[in-house]
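Comments concern the structure below.
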Amino acid sequence: MPDFVATDLVKEFETPNEPLRILDGVNVQLNRGENLAVIGPSGSGKSTFLHIAGTLDTPTSGAVELNGSDLNQLAEKDLASFRNKNIGFVFQEHHLLPQLSALENVLIPIVATGETDNDSIEQAKSLLEKVGLSDRMTHRSAELSGGERQRVAVARAMIRSPVLLLADEPTGSLDQANAEKVGQLLLELQQEHNTILMCVTHSERLAGLFQKRVKLENGKFV
Ligand code: ADP
Ligand code: MG
């Protein structure tokens, strides 16, 4: 069985009238080391799909399996630690803590579970080096440029070497040079860590670098 399997995902939002069906039978299967770009017009349900894939939301029906675990079956109390260990997120906005250094921001997922040790600090430093920020490690994130902050966010998403890396318009707030750099880093790290990457993007250029591309249209992947 593939490492990531989404089967017949349906998502409806309640409205005063008919429920709004945003996902209408989405299917996707990916193995470790594979990457997928998701494109589609604004409002087509791309973020909704990524949230469901990342256990931040639940489908109305259908299933998501990661490493053979059915994510809908996980108990609410286990979700946060499952997510922390297995899934990395990069959003359009970096969501760094401004008062913490770049290094401390990268370590947040480790600190969250109380296990910071020399190995994780070394790992965080090597990720920051990889994203070209070895000379910015002690800068507070408030002191970094937009492109630098997003590169810190990428390093943070990879600190636990997640099985699944989800990126929602990760380059949407960046100028072209920085967008290119961040997109390339996501793909490089994904390959290095043998992670599954699903990335929502409006950039044809970025989507063109992915092994697979799908368009979300009328609630389905085409
Ligand atoms: P995209 O990321 O492709 O722009 P979204 O997944 O954010 O699209 O949203 C898809 C549609 O679902 C939009 O029309 C949005 O208004 C609607 N939607 C998203 N979340 C909710 C919600 N919690 N309640 C009601 N409607 C929602
Ligand atoms: Mg969106």
Side-chain angles (χ1 to χ4, degrees), residues 4-30 34-66 71-72 74 76 79-80 83 87-96 146-147 149-154 156-158 162 164-176 178-180 182-187 190 195-222:
F4 175 86
V5 183
T7 312
D8 295 331
L9 286 184
V10 170
K11 181 66 177 181
E12 292 182 341
F13 292 112
E14 295 305 325
T15 73
N17 309 311
E18 297 213 326
L20 191 61
R21 185 172 278 224
I22 297 300
L23 301 180
D24 188 24
V26 166
N27 291 286
V28 58
Q29 303 195 339
L30 295 166
E34 291 191 304
N35 57 61
L36 172 79
V38 179
I39 57 172
S42 180
S44 59
K46 304 180 301 296
S47 295
T48 302
F49 166 72
L50 272 200
H51 290 162
I52 292 173
T55 76
L56 296 172
D57 198 357
T58 52
T60 306
S61 65
V64 181
E65 288 155 283
L66 186 62
L71 303 188
N72 286 327
L74 292 173
E76 190 66 37
L79 267 183
R83 211 183 283 135
I87 308 177
F89 293 93
V90 180
F91 299 99
Q92 182 167 352
E93 301 307 327
H94 54 79
H95 298 294
L96 300 180
R149 285 180 197 153
Q150 197 60 326
R151 284 187 270 147
V152 175
V154 169
R156 179 186 53 187
M158 291 309 295
L164 181 61
L165 176 59
L166 301 173
D168 196 348
E169 304 191 28
T171 64
S173 301
L174 303 176
D175 60 60
Q176 188 170 324
N178 277 301
E180 200 130 309
V182 165
Q184 259 154 16
L185 283 169
L186 279 170
L187 285 161
Q190 177 254 329
T195 292
I196 299 164
L197 169 62
M198 290 194 279
C199 177
V200 168
T201 181
H202 277 119
S203 160
E204 300 260 335
R205 214 176 154 115
L206 178 56
L209 301 174
F210 281 67
Q211 297 161 345
K212 299 182 173 183
R213 281 171 291 283
V214 286
K215 186 171 187 184
L216 190 50
E217 212 167 64
N218 300 319
K220 295 187 170 68
F221 277 169
V222 292

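All ligand and atom numbering here is 1-based and tracks the order in the structure. Every heavy atom of this structure was used, including side-chain atoms; hydrogens, water molecules and symmetry mates were not.
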N, O or S from Ser47 under 2.8 Å to the Mg ion (ligand 2): yes
Donor-acceptor contact present, side-chain Glu169 to main-chain Val200, <3.5 Å: no
Check: Gly45 N/O within less than 3.5 Å of ligand 1 N/O: yes
Lys46 side chain vs Gly40 backbone, donor-acceptor pair below 3.5 Å: yes
Nearest protein heavy atom under 4.0 Å from atom 22 (C) of ligand 1, yes or no: yes
Atom 9 (O) of ligand 1 - nearest protein heavy atom and its distance: Thr48 OG1, 3.8 Å
Side chain Gln92, main chain Asp168, donor-acceptor under 3.5 Å: no
Side-chain (Asn35) to main-chain (Gln211) donor-acceptor, under 3.5 angstrom: yes
Heavy-atom closest pair, residues His95 and Arg156: O-NH1, 2.9 Å
Residue and atom name of the nearest protein heavy atom (relative to atom 18 (N) of ligand 1), distance in Å to one decimal: Phe13 CE1, 3.4 Å
Taking atom 7 (O) of ligand 1 as the reference point, the nearest protein heavy atom with its distance: Ser47 CB, 3.7 Å
Nitrogen or oxygen of Gly43 less than 3.5 angstrom from that of ligand 1: yes
Within 6.0 Å of CG in Asp24, more than 12 heavy atoms from elsewhere: yes
Which of the ligand 1 atoms, numbered from 1, are nearer than 4.0 Å to a heavy atom of Pro41: 3 (O)
Residue pair Leu23 / Ile52, side-chain heavy-atom distance below 4.5 Å: yes
Residue-ligand contact Gly40/ligand 1, heavy atom below 4.0 Å: no
